[in-house]
Amino acid sequence: MENSGKYRRILVTSALTYANGDTHLGHIAGSILPADMYVRYCRLAGYDVIYVCGSDEYGTAIEMSAIKEGISPKEIVDKYHFANKKAYEQLGMSFDIYSRTSTETHKKTAQDFFTNLYNKDLLYQKTEKQLYSEKEKRFLADRFVIGTCPVCGFEEARGDECENCGSALSPLELKYPRSTITGDTPVVKESTHFYFPLSKFQPKLEEWINSKKDWKPNVVNYCKGWFKTGLQDRAITRDLDWGVPLPMDGFDGKVIYVWFEAPMGYISITKELFAAKGNEDKYKDYWCSDDTKLVHFLGKDNIIFHAIFFPAMIMAHGNLVLAENVPANEFMNLEGSKQSKSKGHAIYVKDVVDKYNPDSLRYAIASNMPENKDTDFYWKDLQAKNNNELGAILGNFVNRTFVFAGKYFDGAVPEAGAYAEIDINIINSIKSYTSSIASYYENYKFKDALSETMNLVRDANKYFNDTEPWKVVKEDTARCGTIINVCLQLCNTFAILFNPVLPFTSEKLLRMLNMPVENLSWANAEKLLLPAGHKLNPPEILFRKIEDSEIEQ
RNA sequence: GCCGGAGUAGCUCAGGUGGUUAGAGCGUCGGAAUCAUAAUCCGCAGGUCGGGGGUUCAAGUCCCUCCUCCGGUACCA
């Protein structure tokens with residue numbers, strides 16, 4: 001396998017979920033499901049892999065949500081952290097740990113990181129004018145100031161941009177500025193912040209990105225676009241209450257800026273994972289060794305942080321591993337327009353996970369994953385994929401096989417006699433599919449992996465049709481036994497090959513086959529593991545039909 | 001405005017370095033089959049590849065231009 005030479009272990013992350021709202025299918029499609037499929041594949045392949053994720057809990061937007069809902073930031077993040085953690089669990093996401101950034105471990109990790117750079121003299125301070133609300137006693141982020149656009153005179157222009165004429169603005173340029181929260185008029189006040197010298201790292205970053213020949217072109221080109229304009233230094237502190245305080249005296253009311261501190265969550269959460277196992281220092285095996293393959297899964301809105309900012313921070317730090325790949329996805333829209341928390345146009349996991357088979361949701365999303373461009377999720381698509389593909393092709397094959405075994409072979413695996421050519425062909429195609437699917441997973445081609453897996457099931461149905469066991473059983477029971485034996489072996493293969501995308505179905509199938517979960521390994525997918533005489537459990541329906549009435553909403 | 005991505009069959013999507021009749025799944029229609037959750041299998045039909053211009057023996061693919069959508073644009077993360 002590809003990582004057996006250079007890499008000894010794999011560290012997979014999904015973009016941390018910002019804890020100011022419920023997670024929706026857009027998050028799942030962009031950064032969570034592809035990572036989960038990849039990780040599940042890696043486990044089956046026998047790799048040493050860990051999968052870390054969690055809630056991103058600091059920053060202005062959390063404070064604003066708190067004000068809006070009339071509760072404290074802590075209450076906000078508690079509410080959404082646990083809600084989202086549960087939602088992911090219900091969808092079968094197999095994080096080794098799903099934690100959060102408001103922990104002591106994270107605070108210490110972020111502060112140590114800051115101190116490390118500070119002691120190397122990499123950071124510098126700069127004083128700038130900002131808008132300050134006397135009433136709220138806080139500095140206002142650009143987007144929380146509105147006023148009259150100096151260019152076109154639009155009266156509702158935001159501090160960062162005028163929606164009317166499209167001009168990029170600074171809040172100091174606005175005429176008649178006011179706070180979007182209270183409406184009061186802010187004053188100009190000076191504040192001193194630490195800056196990270198991003199510009200210094202541009203040559204190293206360019207060299208690094210240019211060496212990545214197997215990255216997606218959209219990610220590479222996006223970065224090159226930033227290089228072309230020239231990277232600028234960036235503030236890494238903010239005047240805010242809700243965040244990680246600076247690890248030094250004399251900076252009261254200043255916290256580490258969330259863009260700088262959040263990605264360190266990957267590190268602190270890994271620490272937590274091993275601390276819980278009694279050896280926190282083991283995190284270093286993953287974060288401080290060159291033979292770790294670090295893979296960040298995320299949506300396109302996050303490319304800048306994972307392909308430029310965070311790598312630069314890691315270069316500055318000097319003792320951490322850089323990403324081996326950043327397979328960014330585009331967005332999954334809903335019924336033709338983008339999903340958005342603020343507009344309420346989204347499918348929240350919590351609202352659908354009880355209504356539908358989680359595997360059907362996973363399948364519908366994975367088979368239309370936005371790997372190359374934005375895609376659309378349609379309810380009728382979920383229904384069609386569930387009924388016409390999962391139910392009709394996979395469910396039906398398993399069901400017709402099990403019913404046959406029950407009816408004619410006493411619910412046990414019949415003996416396989418001499419194989420006919422048609423038997424040998426399907427057995428051989430198990431092997432070739434197993435290896436081609438593996439290579440799709442290795443290369444982050446999840447849609448291809450999935451359609452290839454379904455193709456094997458299509459072949460299986462064709463095999464069933466062509467061998468006509470319902471006729472053969474009347475003339476030649478032994479031959480029929482061979483056919484059903486092959487079909488049952490195929491079911492066992494499906495339990496393994498579908499595990500990355502349909503984990504619940506995979507388990508169910510194994511139960512029906514009366515096979516131990518320990519058998520779940522990629523190497524076993526191409527083996528004919530079911531011995532003759534092996535007793536089967538009664539079949540269950542794998543995918544119930546979704547009726548028209550259920551999706552009309 | 002600037003940087004990056006996208007626009008391909010009724011629907012959802014694939015189509016490194018330009019090369020014979022542009023692919024798949026689903027849907028539609030026709031046929032076969034009847035073991036099975038009326039589920040399967042075979043076949044037909046369906047596209048002037050966003051518009052316009054150019055390079056070339058040859059363009060979905062390269063160049064120019066225009067339109068539309070998405071992301072970023074450094075203080076949302």
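Within every chain, numbering begins at 1; the chains are lettered A, B, ... in the order of the sequence lines, protein sequences first and strands thereafter.
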Pairwise P distance, B:C66 and B:G30 [rounded to whole Å]:
49 Å
A:Ile256 CD1 to B:A77 P: how many Å, rounded?
14 Å
What's the gap between B:A32 and B:U17 when it is taken at their C1' atoms, as a whole Å value?
45 Å
Against A:Asn218, only a single residue in A:Glu371, A:Lys300, A:Glu330 fulfils side chain to side chain donor-acceptor pair (under 3.5 Å); can you say which?
A:Glu330
Roughly how many Å is it from NE2 in A:His306 to C1' in B:A74, rounded to a whole number?
17 Å
Strand RNA chain B as a dot-bracket string - pairs counted if Watson-Crick or G-U with both distances under 3.5 Å, | where the partner lies in another strand:
(((((((..((((.....[...))))..((((.......))))......(((((..]....))))))))))))....
Of the candidates B:G4, B:C35, B:U37, the side chain of A:Phe404 sits closest to B:C35
Cation over ring face, A:Lys380 and A:Tyr378, 6.0 Å, 45°:
yes
Do the ring centers of A:Phe309 and A:Phe196 come within less than 6.0 Å of each other?
no
Need to verify one output field. Residue with the more 5' nearest nucleotide on RNA chain B, A:Asn218 or A:Phe305?
A:Asn218
Out of B:G71, B:A36, B:C76, whichever nucleotide has its closest atom nearest the side chain of A:Asp160:
B:C76
Distance between the P atoms of B:G5 and B:C64, in whole angstroms?
12 Å
Between B:U20 and B:U37, how far apart are the two P atoms, rounded to whole Å?
47 Å
Interatomic distance where OH belongs to A:Tyr463 and C1' belongs to B:A33 [whole Å]:
18 Å
Neighbour count >12 (heavy atoms, 6.0 Å) for atom NZ, A:Lys445:
no
For B:U61 and B:C49, measure between their P atoms and round to the nearest Å.
9 Å
Mind calculating the distance between CD1 (A:Ile303) and C1' (B:G4) to the nearest angstrom?
8 Å
When all nucleic acid strands are considered with a 4.0 Å heavy-atom cut-off, which category describes A:Gly406: base, sugar-phosphate, or nothing?
nothing
Quantified in whole Å, what is the P atom distance between nucleotide B:G15 and nucleotide B:G72?
24 Å
Using every non-hydrogen atom in the two residues, find where A:Pro311 and A:Leu205 come nearest and quote the distance to one decimal.
CB-CD2, 3.9 Å
Taking B:G4, B:A36, B:A33 as options, the one with an atom nearest any side-chain atom of A:Lys407 is B:A36
Please tell me if A:Thr60 has a side-chain N or O lying less than 4.0 Å from either OP1 or OP2 of B:A77.
yes
Once base and sugar-phosphate atoms are separated, protein heavy atoms under 4.0 Å mark nucleotides 10-16 of chain B, 5' to 3', with B, S and - as --SSSS-
Going through the checks in order, is the side chain to side chain donor-acceptor pair (under 3.5 Å) test met by A:Asp459 and A:Ser429?
CA-CA 9 Å; A:Asp459 285 2; A:Ser429 62; 4.6 Å; no
Mind checking A:Glu468 for me? I need base, sugar-phosphate or nothing, with any heavy atom below 4.0 Å counting as a touch.
nothing
Taking the ring centre of each residue, are A:Phe377 and A:His24 less than 6.0 Å apart?
no
Counting side-chain heavy atoms from CB outward, which of B:U73, B:G25, B:A33 is closest to A:Trp470?
B:A33
Separation between the P atoms of B:C62 and B:A6, rounded to whole Å
10 Å
May I ask you to evaluate whether A:Asn221 reaches the phosphate of B:G5, defined as a side-chain N or O under 4.0 Å from OP1 or OP2?
yes
Find the distance A:Leu382:CG to B:G27:P and express it as a whole number of Å.
15 Å
Starting at atom CZ of A:Phe309, determine the distance to atom C1' of B:A77, rounded to an integer number of angstrom.
11 Å
How close or far is atom P of B:C2 from atom NZ of A:Lys224, stated in whole angstroms?
22 Å
Check: A:Ala110 main-chain N/O paired with A:Glu261 side-chain donor or acceptor under 3.5 Å:
no
Across the strands shown, which category fits A:Ile304 at heavy-atom distances under 4.0 angstrom: base, sugar-phosphate, nothing?
nothing
If you pin A:Lys228 and A:Leu140 to their nearest nucleotides in RNA chain B, which one's is more 5'?
A:Lys228
Name the orientation of the base relative to the sugar in B:G46: syn if the glycosidic angle is within 90° of 0, else anti.
syn
A:Lys300 NZ to B:A77 C1': how many Å, rounded?
16 Å
Are the side chain of A:Thr180 and the backbone N or O of A:Phe144 linked by a donor-acceptor pair below 3.5 Å?
yes
Footprint string (nucleotides 38-44 of chain B, 5' to 3'): B base within contact, S backbone only, - free, heavy atoms under 4.0 Å
-SBSS--
With a 4.5 Å heavy-atom cut-off, do A:Lys338 and A:Asn333 have their side chains touching?
yes
Please determine, for the side chain of A:Tyr222, which listed nucleotide (B:C76, B:G71, B:C35) has the closest atom?
B:G71
Once the angle between the rings of A:Tyr98 and A:His81 is folded into 0 to 90°, is it parallel (under 30°), tilted (30 to 60°) or perpendicular (over 60°)?
parallel
Looking across every strand, which nucleic acid part, if any, lies under 4.0 Å from A:Asp233 by heavy atom: base, sugar-phosphate, or nothing?
nothing
Per A:Ala141 side chain, nearest of listed nucleotides B:C76, B:U34, B:A77:
B:C76
Before giving the answer on side chain to side chain donor-acceptor pair (under 3.5 Å), spell out for A:His193 and A:Thr237 the whole-Å C-alpha distance, their side-chain angles and the decisive distance to 0.1 Å.
CA-CA 6 Å; A:His193 286 293; A:Thr237 55; 2.8 Å; yes
Could A:Arg178 and A:Glu156 be called an ion pair, given the rule that one side-chain N must be under 4.0 Å from one carboxylate O?
yes
Between A:Gly21 and A:Asn84, the two heavy atoms sitting closest are O-ND2, 3.1 Å
Inter-nucleotide C1' distance (B:G47, B:A74), Å rounded
43 Å
Just wondering, more than 12 heavy atoms not from A:Lys107 lying within 6.0 Å of its NZ?
no
When we call it a touch if two heavy atoms are under 4.0 Å apart, what does A:Leu542 touch: a base, just sugar-phosphate, or nothing?
base
